Engineer: 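One structure, as structure tokens, below. Some questions next.
Order of appearance sets the numbers: ligands from 1, and atoms from 1 within every ligand. If you read the sequence from its start, that first residue is 1, and numbering goes on from there. What's counted below: heavy atoms across the whole structure, side chains too, no hydrogens, waters or symmetry copies. Please read these numbers as outputs of a predicted model, since none were measured by experiment.
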Amino acid sequence: MEAEWLAALPRLRERVGDRNFATWIEPILCVRDEQGLRLEVPSRFFQEWVTRHFLSRIREALADSAGMIPAVRIVVAAAEATSTPRDSAPATPQRVTRTRPKIGRLVAEYTFDTFVVGHANEVAYRAACSVAELPGRRFNPFFLWGGVGLGKTHLINALAHDLLARSPRRSMACLSAEAFMNTMITSLRQDQMAAFRDRFREVDVLILDDVEFLAGKERTQEEFFHTFNTLYAASKQVVLTSDKPPHAIAELEQRLRSRFEGGLIADIHPPTHEMRIAIVTKKAAVQGVDLPPSIACILAERSGPSVRELEGALTRVLATTSLRGVPLDVEMVKRLIAPVTPPPTVISVESIQETVSQHFRLSVVDLKSHNRARSVTFPRQIAMYLSRRLADASFPSIAEKFGGRDHSTVMHAVRTVEDKRNQDPNTGSLLAILESEVRSRVNA
Ligand code: ADP
Ligand code: MG
């Protein structure tokens, strides 16, 4: 009979819409017992909400696909309910295998399939794929960082979905650092710390989003440190995300910082123009809209730096056009997104030269000179690489600004730094730090 539930899901999705479906229907666990279908939900709030808003549509969808209306009950899952005899499960319920974590929840749409890969996130993406292949072995912990709205949460959800798809019995916790803290506080208050610890230390995979939130929260850090150590010692995979690299998280205990630094650190950069076009086109396709390239291009150009803003612009355009029942047209799109978006910040080769020379305690003159001492050539190559990546300048124009060199020198420098970056996580971190220094200088 659970097959009926699975069969009803597509209809249900149509009836409630994608967002409601992901939030309210997907988390439901369908179990068959003597009384019919028991739909298990995570909390009382959830139970009330689903009962009030979706129960009739659930019945209809089931009736449509099964040809009869089965008995359906919505109950709070045993672990969180004060169990009553009626709610207790029969001896061996046949559970529909679900891809969801034991603690926390995933966003259904955030999968590897819907993640656009390009230069800016390739390293992070490949690292996430490796972790999904061999959790707990190769890269532990996996620390992913990058600016707001650049796809960290998407990528760890994709990783989580993939891990669960590969092995649905794997027990996983996937939640924000803030949720971790709130759960801890509740457990403290209810004098249930032992249960809290057991719960987290038993998982096979722990994914904690936005760990920068732990800054200054000593008690939570302390608790997390022990959880981390237990999992790590048992070769369980830990995945962390943050908006900055470990060393830049202020008020993070040193011992925790060195744990974070002990694995693989990968960062996500802001996407290039081409990637933004690919992303916005894909996002539109997910919503069933075939976005014309001219419009994808305007959106990619004009919305703010993060992908979230790009998505916001798309949503605004699609909403307005569908409300007014008009087709997408270039001029209208321009009008729609012009007023709310600030001009993109321009990063100059000069500002990169200043940042890099300051970082390495050199003068800009040295950086541009033909001095071939290693203490100067390495920073110079880095500055050339960053100029290419961040300032969007051509090879010849960069060469010109580095003391009138040949452009092949710049190309060579970029390749050299890229190779280093791919082979050595430290170089990756260094570049990331410099990039954020450059950006903060520009935005200052
Ligand atoms: P972060 O956690 O880094 O702040 P999110 O993962 O929440 O960012 O991403 C913000 C939005 O942008 C999400 O809707 C996400 O799906 C989308 N997004 C970001 N990067 C990509 C990408 N490379 N491909 C597809 N969508 C992306
Ligand atoms: Mg996030």
Engineer: To the nearest 0.1 Å, how far is atom 23 (N) of ligand 1 from its closest protein heavy atom, and which atom is that?
Structural biologist: Val116 O, 2.8 Å
Engineer: For ligand 1, find out whether one of its N or O atoms is nearer than 3.5 Å to an N or O atom of Gly151.
Structural biologist: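 Right, the criterion is met.
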Engineer: So is Gly147 touching ligand 1 or not, going by heavy atoms under 4.0 Å?
Structural biologist: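 A heavy atom of Gly147 does come that close to ligand 1.
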Engineer: Could you work out, for atom 13 (C) of ligand 1, the closest of Glu311, His154, Lys282, Arg308 by heavy-atom distance?
Structural biologist: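 Nearest heavy atom to atom 13 (C) of ligand 1 lies in Glu311.
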Engineer: Within this structure, what is the CH2-CG distance for the pair Trp145 and Asp267, rounded to the nearest 0.5 Å?
Structural biologist: 5.0 Å
Engineer: Does any N or O atom in Leu155 lie less than 3.5 angstrom from one in ligand 1, N or O only?
Structural biologist: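 Such a contact does not occur with ligand 1.
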Engineer: Should Asp419 and Arg415 count as an ion pair when the cut-off is N to O under 4.0 Å?
Structural biologist: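 So Asp419 does not pair with Arg415 through a salt bridge.
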Engineer: Examine Ser176 and say whether one of its N/O/S atoms is closer to the Mg ion (ligand 2) than 2.8 Å.
Structural biologist: no
Engineer: Which residue and atom name correspond to the protein heavy atom nearest atom 25 (C) of ligand 1, and how close is it?
Structural biologist: Thr114 O, 3.3 Å
Engineer: Between the side chains of Arg316 and Glu309, is the shortest nitrogen-to-carboxylate-oxygen separation below 4.0 Å, so that they form an ion pair?
Structural biologist: no
Engineer: Identify whether the distance between the nearest side-chain nitrogen and carboxylate oxygen of Glu122 and Arg126 falls below 4.0 Å.
Structural biologist: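 The answer is yes: the pair qualifies as a salt bridge.
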Engineer: Can a non-hydrogen atom of Glu109 be found less than 4.0 Å from any atom of ligand 1?
Structural biologist: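 In this structure, Glu109 fails to qualify as a contact of ligand 1 - no heavy atom is under 4.0 Å.
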Engineer: May I ask you to check whether Ile279 has an N/O atom sitting below 3.5 Å from an N/O atom of ligand 1?
Structural biologist: no
Engineer: Around atom OH of Tyr232, are there more than 12 heavy atoms from other residues, nucleotides or ligands closer than 6.0 Å?
Structural biologist: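 Open: at most 12 neighbouring heavy atoms sit under 6.0 Å from OH of Tyr232.
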Engineer: Output yes when Glu223 and Arg197 qualify as a salt bridge under the 4.0 Å nitrogen-oxygen rule, no when they do not.
Structural biologist: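 Yes, this pair counts.
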Engineer: State which residue, out of Leu155, Val307, Ile268, fulfils the side-chain contact (heavy atoms from CB on, under 4.5 Å) condition with Asn121.
Structural biologist: Ile268
Engineer: Look at the aromatic rings of Tyr125 and Phe115 and report parallel, tilted or perpendicular, splitting at 30° and 60°.
Structural biologist: parallel
Engineer: Tell me, which protein residue and heavy-atom name are nearest atom 4 (O) of ligand 1, and how many Å apart are they?
Structural biologist: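 For atom 4 (O) of ligand 1, the nearest protein heavy atom comes out as Gly149 N, 2.6 Å.
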Engineer: Which ligand 1 atoms does Asn121 reach within 4.0 Å, using its non-hydrogen atoms?
Structural biologist: 23 (N)
Engineer: Hey, would you say the Phe180 and Phe196 ring centroids sit under 6.0 Å apart?
Structural biologist: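 Between Phe196 and Phe180, which both carry aromatic rings, the centre distance is below 6.0 Å.
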Engineer: Could you tell me which atoms of ligand 1, counted from 1 in the order shown, lie closer than 4.0 angstrom to a heavy atom of Val148?
Structural biologist: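 Listed by number with element, the hits are 4 (O).
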Engineer: Show which atoms of ligand 1 fall inside a sub-4.0 Å distance from at least one heavy-atom site of Tyr110.
Structural biologist: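 Numbered from 1, ligand 1 contributes 13 (C), 14 (O), 16 (O).
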Engineer: Among Lys283, Glu309, Lys152, which residue places a heavy atom closest to atom 16 (O) of ligand 1?
Structural biologist: Lys283
Engineer: In terms of residue, atom name and distance, what is the protein heavy atom nearest to atom 2 (O) of ligand 1?
Structural biologist: Thr153 OG1, 2.7 Å
Engineer: For Glu218, is the CD atom crowded, meaning more than 12 foreign heavy atoms sit under 6.0 Å from it?
Structural biologist: no
Engineer: Just go through Val307, Asp113, Thr111 and tell me whose heavy atom is the nearest to atom 12 (O) of ligand 1.
Structural biologist: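 Result: the heavy atom closest to atom 12 (O) of ligand 1 is in Val307.
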